[in-house]
Amino acid sequence: MSRRVVRQSKFRHVFGQPVKADQMYEDIRVSKVTWDSSFCAVNPKFLAIIVESGGGGAFIVLPLAKTGRVDKNHPLVTGHTAPVLDIDWCPHNDNVIASASEDTTVMVWQIPDYVPVRSITEPVVTLEGHSKRVGIISWHPTARNVLLSAGCDNLVILWNVGTGEMLLALEDMHTDLIYNVGWNRNGSLLVTTCKDKKVRVIDPRKQQVVAEKDKPHDGARPIRAIFMADGKIFTTGFSKMSERQLGLWDLNNFEEPIALQEMDTSNGVLLPFYDADSSIVYLCGKGDSSIRYFEITDEAPYVHYLNTYSSKEPQRGMGFMPKRGLDVSKCEIARFFKLHERKCEPIVMTVPRKSDLFQDDLYPDTPGPEPALEADEWLSGKDAEPILISLRDGYVPVKNRELKVVKKNILDNRPPPGPRRSHSTADLSSPTLEEVLEEIRALKEMVQAQEKRISDLEHKLCQFTNGTD
């Protein structure tokens with residue numbers, strides 16, 4: 001007689017629960033712009049939500065503890081001249097957030113720990129390099145100040161935010177609109193999905209496509225792809241019959257999926273959120289009123305359905321808290337911030353346990369806020385795994401590292417104009433006299449060249465106007 005054995009998993013009984021009404025964020029006019037991003041970004045200090053704003057683009061930043069009704073005059077972050085399409089918190093500084101907009105720019109902002117009196121209008125740095133709207137931004141997981149942006153000009157650009165410079169531009173790789181871009185765990189590879197129905201794995205520093213899969217899902221609707229911690233790729237998309245699908249792929253054998261499952265016939269794009277520590281993928285569809293979650297393992301069928309959190313209201317967007325922002329005393333393994341039309345509702349995912357003690361098996365060491373590399377180290381070819389921290393005593397967010405960090409980077413991370421490059425401690429703390437003089441000389445030359453160009457153009461303009469008169 002065969003006995004059916006239930007698969008052993010500590011996450012089989014994960015359940016989702018919304019917080020009480022007074023723990024929600026009420027009266028927020030969530031953006032109505034048509035774009036498939038999550039519209040929400042969250043870290044252990046702040047909640048940021050893209051909101052409606054007249055005559056430009058804006059997002060609101062709230063301290064996590066500031067729940068309840070939000071004052072209609074609450075200061076916003078306003079600097080874009082067109083709607084904001086995507087926002088992303090820096091993983092290495094909880095007070096720094098990047099925003100991408102229809103106005104073709106990316107802006108990086110420093111958010112103070114206190115609630116400002118007026119709206120923040122001046123970004124720390126504005127990154128200009130795209131010719132069409134920018135819909136995707138993503139920070140490098142291990143290198144300080146490296147930011148990726150992808151625009152509707154089918155261009156992916158990597159920036160050094162510390163200096164405001166463009167590090168790399170990945171051109172001619174995508175023939176159509178880019179749907180999403182994701183880093184692998186150590187930031188050495190990118191995975192992208194595109195309207196041409198291809199999933200590409202790209203080595204950004206070599207500027208080449210390492211692997212490519214045509215039509216991982218046969219349907220015409222957008223595909224999403226993310227890296228798993230072990231290097232596999234998880235995709236969501238649609239079948240020919242418009243059924244939503246999920247797939248798991250191995251880069252070494254990209255032709256056939258490890259797993260391909262059909263889910264339902266809804267038409268909302270599924271946004272995947274991945275927790276590498278528990279190997280759980282949460283799928284949230286825009287317009288859905290549910291969150292499905294699956295455990296990824298090394299045993300068939302590889303993608304194991306766990307459960308579905310259901311509610312009555314559809315979601316307009318979703319924020320996903322990094323692991324270090326969770327309450328370990330309550331066995332919380334994920335926290336979502338679900339956007340409604342006029343509010344944001346936190347949803348807590350919990351593993352039921354009887355003991356109040358710290359659960360080592362639920363909370364392995366997780367990536368902390370310290371970068372493993374500097375931007376120029378990563379660009380030169382170095383890779384490093386994230387620097388891990390223990391959550392045994394809970395995580396206390398670091399105090400605001402003020403603009404000094406960015407100013408230091410703007411000055412110190414700029415490559416010196418001469419060929420000499422010393423890595424002595426004196427160089428790291430402050431630039432030498434020769435470097436300062438050399439930079440002043442270079443700037444003077446640049447100003448003189450620009451003045452000469454202006455006078456030439458004015459001369460031409462005079463000739464032109466005299467001729468037309």
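In this text the structure is predicted, and so the values were computed from the model without any measurement.
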Asp275 meets the side chain to side chain donor-acceptor pair (under 3.5 Å) criterion, sequence neighbours left out, with Ser278, Lys323
I'd like to know if the side chain of [X] and the backbone of [Y] have a donor-acceptor N/O pair within less than 3.5 Å.
X	Y	value
Ser188	Asp383	no
Asp86	Ile137	yes
Asp218	Ser239	no
Arg392	Tyr363	no
Thr105	Thr126	no
Arg133	Pro83	no
Asn180	Arg224	no

d(Ile258 CD1, Ile296 CD1) to nearest 0.5 Å is 9.5 Å
d(Asp36 CG, Leu85 CG) to nearest 0.5 Å is 11.0 Å
Exercise: do Asn186 and Thr142 side chains pair donor with acceptor under 3.5 Å:
no
* Asked: Between Asp264 and Ser266, is any side-chain donor less than 3.5 angstrom from a side-chain acceptor?
  -> no
Pair Arg185 + Asp230: basic N to acidic O under 4.0 Å:
no
Self-check item: Within 45° cone of Tyr309 ring axis and under 6.0 Å: Lys338 NZ or CZ
Solution: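 No, cation not above the ring by the 6.0 Å, 45° rule.
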Only one of Leu379, Leu148, Val146 passes side chain to side chain contact (heavy atoms under 4.5 Å, CB included) with Leu168, and that residue is Leu379
Between Phe336 and Tyr282, does the ring centre distance come in under 6.0 Å?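 Under 6.0 Å, so yes.
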* The single option from Thr192, Asp196, Asn154 passing side chain to side chain donor-acceptor pair (under 3.5 Å) against His174 ->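 With His174 as partner, Thr192, Asp196, Asn154 yield a single side chain to side chain donor-acceptor pair (under 3.5 Å), made by Thr192.
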Scanning both residues in full, the closest heavy-atom pair of Leu62 with Tyr25 reads CD1-CD2, 3.9 Å
message: Could you go through Ser99 and His80, starting from their C-alpha distance and side-chain angles, then the distance that decides it, and tell me whether this counts as side chain to side chain donor-acceptor pair (under 3.5 Å)?
response: CA-CA 9 Å; Ser99 59; His80 289 287; 2.7 Å; yes
